[in-house]
Amino acid sequence: MIYFALSKGRLAAESAALLKKCGVDASVLESDTRKLVLTSADGKYGFFLVKPSDVPTYVEAGVADLGVVGKDTLMEENKDLYEMLDLRLGECRLCLAGFPARKDALTNPHLRVATKYVNTARRVFEERGEEIEIIPLHGSIELAPVTGLADVIFDVVQTGSTLKANGLAVLEEVFAGITARLVANKVSLKLKSEEILPLIGKLKEVIA
Ligand code: PRP
């Protein structure tokens, strides 16, 4: 049996659809349930539905053999696992954003940056040799500049509609090409290679 850790939320439906196209009996993922462990009808696959930021933890520990998770989360969590494939789902960018009229906000020597990507933001500004104050948040990041909690945000932008609806705009694109990735546990890849490698082959075909 292969166990998947799948991100709940915006990637969920697209990941399930992709797996189905690859012959994985993932129809159980379409059921409206609060259950967190689901098993395919053919008994070949188990699915754990977890918060996106927890997918790398489950895969690194080997509780899940494979995972589907955004590159943004992989960069942030920096776990010991294999990134196998770009699934080209949920494309977005990691950006610094704020009020468009205050483009010079980024040059503020005491910049306050609100983000759920604390480690990545720290790395980005360290590489630039700039000291900033990081304000860790868990969601609704756009609220931080609007309320004066922060000067700018460091967050994912997909359609840009959340920024726009809150009077904000991208000030700088830091990482483009943030998409969902297939990740694998290092031991599972060896022990279950006969099941995992054909599945990866099929995914590559479908994506191409
Ligand atoms: C993410 C992100 C932005 C929004 C960007 O939040 O933090 O708020 O999506 O998407 P858009 O460019 O298409 O508007 P998410 O919806 O995951 O919820 P959260 O606020 O709970 O983190």
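Whatever order the structure lists them in is the order used to number ligands and atoms, beginning at 1. All figures in this text were calculated on a predicted structure; none of them were measured in a lab.
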Nearest 0.5 Å, please: how far is CG in Leu168 from CZ in Arg102? 9.5 Å
Say you draw a straight line from OG1 of Thr73 to OH of Tyr117; how long is it, rounded to the nearest 0.5 Å? 5.0 Å
Quick test of your reading of the model: are Lys20 and Glu30 salt-bridged, counting only N-O distances below 4.0 Å? yes
Should the pair Glu195-Lys44 be classified as a salt bridge under the 4.0 Å nitrogen-to-oxygen rule? no
Can you give me every donor-acceptor pair (side chain of residues 121-139, partner residue at least two apart or in another chain, under 3.5 Å) with its distance?
from	atom 1	to	atom 2	distance (Å)
Arg123	NH2	Met75	O	2.8
Arg128	NH1	Glu172	OE1	3.3
Arg128	NH2	Glu172	OE2	2.4

Which protein residues have a heavy atom closer than 4.0 Å to any atom of ligand 1, listed by chain and number? Arg10, Lys116, Gly139, Ser140, Glu142, Asp155, Val156, Val157, Gln158, Thr159, Gly160, Ser161, Thr162
Is the gap between the ring centers of Phe48 and Phe4 under 6.0 Å? no
